[in-house]
**Student:** 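Quick one: the structure is below, questions incoming.
Just the heavy atoms: all of them, side chains too, but no hydrogens, waters or symmetry mates, feed the values below.
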Amino acid sequence: MKWKIVSSEYLVRYPYFTARKDKCITPEGKIIEQYYVVELSATVCALAMTEHNEAIMVKQYRHPVGEVLLELPGGFIDANESPEIALARELKEETGYEFATIEMVGKIAANPGVLDNFTYLFLARGGRQTAIQSLDHNEEMEVVKIPLPEVKQLLLENKIIQSLHANCIFYALRKLGDL
């Protein structure tokens with residue numbers, strides 16, 4: 001069922017966003033003249049729990065949707081970085097917390113019809129604040145701690161609208177036996 005790429009043309013290339021147009025041929029010989037693909041680096045996120053069993057979440061403005069969202073900490077995986085190392089780095093940068101354990105609970109594709117990347121989902125436990133936030137120049141976020149039952153309720157009420165993060169919470173709750 002896998003298609004063969006006959007040719008690719010890059011339309012835009014930016015650090016976090018690259019788009020290309022592929023010409024493909026299916027195993028049955030059908031030619032797909034134009035298939036658009038957005039290339040993104042892989043990402044990570046985690047339901048990150050403090051040593052007192054509170055979820056560490058962040059509130060931040062998301063310009064594409066024009067809203068302040070309640071989200072999980074996470075971000076892009078850098079070149080030559082494992083998902084686990086990327087997550088530990090992102091957690092410390094965005095929240096100032098380090099964690100006793102980090103466990104992968106899933107790997108998902110946000111929109112495989114257009115995007116070529118995966119997001120690695122984690123459950124981090126035993127978090128202790130060891131530093132202050134060290135945000136990128138374009139990041140502004142507020143760290144909030146929320147009891148786990150409240151996080152579950154926010155998920156069930158569709159108040160966590162970042163789909164990758166909702167999935168991460170779901171898989172982490174399943175791992176915790178709290179579904």
Side-chain angles (χ1 to χ4, degrees), residues 14-19 37-51 53-65 67-146 148 151-152 154-155 159-179:
Y14 295 110
Y16 293 106
F17 176 85
T18 300
V37 177
V38 175
E39 297 177 357
L40 293 173
S41 296
T43 59
V44 293
C45 64
L47 178 59
M49 306 297 296
T50 69
E51 58 190 352
N53 214 31
E54 298 170 299
I56 301 168
M57 300 187 74
V58 294
K59 287 183 181 179
Q60 63 180 320
Y61 174 71
R62 291 300 194 176
H63 184 68
V65 296
E67 293 183 21
V68 174
L69 302 182
L70 180 63
E71 298 182 337
L72 298 177
F76 286 105
I77 299 174
D78 291 341
N80 301 315
E81 193 175 43
S82 72
E84 292 79 6
I85 296 297
L87 180 69
R89 175 184 51 75
E90 287 287 346
L91 289 171
K92 190 168 184 182
E93 288 173 2
E94 291 187 356
T95 70
Y97 280 73
E98 294 184 85
F99 294 82
T101 64
I102 293 176
E103 179 179 7
M104 191 165 84
V105 295
K107 175 184 168 186
I108 59 174
N111 186 355
V114 177
L115 304 175
D116 76 339
N117 73 327
F118 288 95
T119 297
Y120 296 85
L121 312 174
F122 291 89
L123 172 61
R125 296 189 247 193
R128 293 182 53 231
Q129 188 168 11
T130 60
I132 60 170
Q133 285 179 311
S134 177
L135 302 174
D136 293 338
H137 77 283
N138 63 334
E139 290 180 313
E140 294 178 5
M141 61 184 70
E142 174 190 352
V143 176
V144 294
K145 293 184 278 187
I146 302 174
L148 190 58
V151 171
K152 184 177 176 181
L154 290 167
L155 178 67
K159 293 190 176 164
I160 298 172
I161 65 168
Q162 210 289 15
S163 63
L164 300 169
H165 297 183
N167 273 290
C168 184
I169 293 167
F170 170 78
Y171 285 112
L173 287 171
R174 185 179 75 171
K175 181 69 178 177
L176 292 169
D178 197 14
L179 277 181

**Student:** Using a 3.5 Å distance criterion without hydrogens, assess whether the side chain of E90 forms a donor-acceptor pair with backbone atoms of L87.
**Tutor:** no
**Student:** Quick one: pull up CD1 in I56 and CG in L72 and give me the separation to the nearest 0.5 Å.
**Tutor:** 11.0 Å
**Student:** Go through the structure and list residues passing side-chain contact (heavy atoms from CB on, under 4.5 Å) with D136, not counting sequence neighbours.
**Tutor:** N138, E139
**Student:** Find out whether L176 and L148 are in side-chain contact, i.e. whether some heavy atom of one side chain is under 4.5 Å from a heavy atom of the other.
**Tutor:**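 Yes; the side chains approach each other to less than 4.5 Å.
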**Student:** Could you tell me whether the side chain of D178 and the main chain of L173 form a donor-acceptor pair under 3.5 Å?
**Tutor:**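 Such a contact is absent between D178 side chain and L173 backbone.
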**Student:** Are R128 and E98 within salt-bridge range, i.e. N to O under 4.0 Å?
**Tutor:**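 No.
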**Student:** Identify, with sequence neighbours excluded, every residue that meets side-chain contact (heavy atoms from CB on, under 4.5 Å) alongside V144.
**Tutor:**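 side-chain contact (heavy atoms from CB on, under 4.5 Å) check on V144 returns M57, K59, L70, E142, I146.
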**Student:** As an exercise, state the distance from CD1 of I77 to CZ of R89, rounded to the nearest 0.5 Å.
**Tutor:**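 So the CD1 of I77 and the CZ of R89 are separated by 9.0 Å.
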**Student:** Restricting to non-hydrogen atoms, name the atom on Q60 and the atom on E140 that form the minimum distance, rounded to 0.1 Å.
**Tutor:**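 Looking at all heavy atoms of both residues, the closest pair is CB-O, 3.4 Å.
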**Student:** Quick test of your reading of the model: are E71 and R62 salt-bridged, counting only N-O distances below 4.0 Å?
**Tutor:**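 Result for this pair is yes, salt bridge flagged.
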**Student:** Is it the case that over 12 heavy atoms from other parts of the model lie below 6.0 angstrom from the CD1 atom of I85?
**Tutor:**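 No, the 6.0 Å shell around CD1 holds no more than 12 heavy atoms from other groups.
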**Student:** At their closest point, which heavy atom of A46 faces which heavy atom of C168, and how far apart are they?
**Tutor:**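 Shortest heavy-atom separation between A46 and C168 comes out as CA-SG, 3.8 Å.
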**Student:** Between T119 and V44, is a side-chain contact (heavy atoms from CB on, under 4.5 Å) present by the stated rule, with each step listed?
**Tutor:** CA-CA 5 Å; T119 297; V44 293; 5.9 Å; no
**Student:** Please report the shortest heavy-atom distance between L91 and A124, naming the atom on each side.
**Tutor:** CD1-CB, 4.1 Å
**Student:** Roughly how far, to the nearest 0.5 Å, is CD1 of I132 from OG1 of T95?
**Tutor:**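 These two atoms lie 12.0 Å from each other.
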**Student:** Just by distance, do the side chain of Q162 and the backbone of L164 share a donor-acceptor pair under 3.5 Å?
**Tutor:**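 At least one qualifying donor-acceptor pair exists.
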**Student:** Step by step, work out the side-chain contact (heavy atoms from CB on, under 4.5 Å) result for L69 and I160.
**Tutor:** CA-CA 7 Å; L69 302 182; I160 298 172; over 6 Å; no
**Student:** The test is side-chain contact (heavy atoms from CB on, under 4.5 Å); show your working for K145 and T50 and say whether it passes.
**Tutor:** CA-CA 8 Å; K145 293 184 278 187; T50 69; 3.9 Å; yes
**Student:** Verify, without hydrogens or angle tests, whether Q133 (side chain) and E94 (backbone) share a donor-acceptor contact under 3.5 angstrom.
**Tutor:** yes
**Student:** To the nearest 0.5 Å, what is the distance between CG (N111) and CG (N117)?
**Tutor:**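 Rounded to the nearest 0.5 Å, the CG-CG separation comes to 10.0 Å.
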**Student:** Find the distance between CG (L121) and SG (C45) and round it off to the nearest 0.5 Å.
**Tutor:**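 One gets 5.0 Å once the value is rounded to the nearest 0.5 Å.
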**Student:** Applying ring pair (Phe, Tyr, Trp, His ring centres under 6.0 Å) as the test, list every pair that has at least one member in residues 67-123; sequence neighbours left out.
**Tutor:** Y16-F76
**Student:** Rounded to the nearest 0.5 Å, what's the gap from NE2 on H165 to CG on N167? Could you check?
**Tutor:** 10.5 Å
**Student:** Do the side chains of K152 and I169 get nearer than 4.5 Å, heavy atoms only?
**Tutor:** no
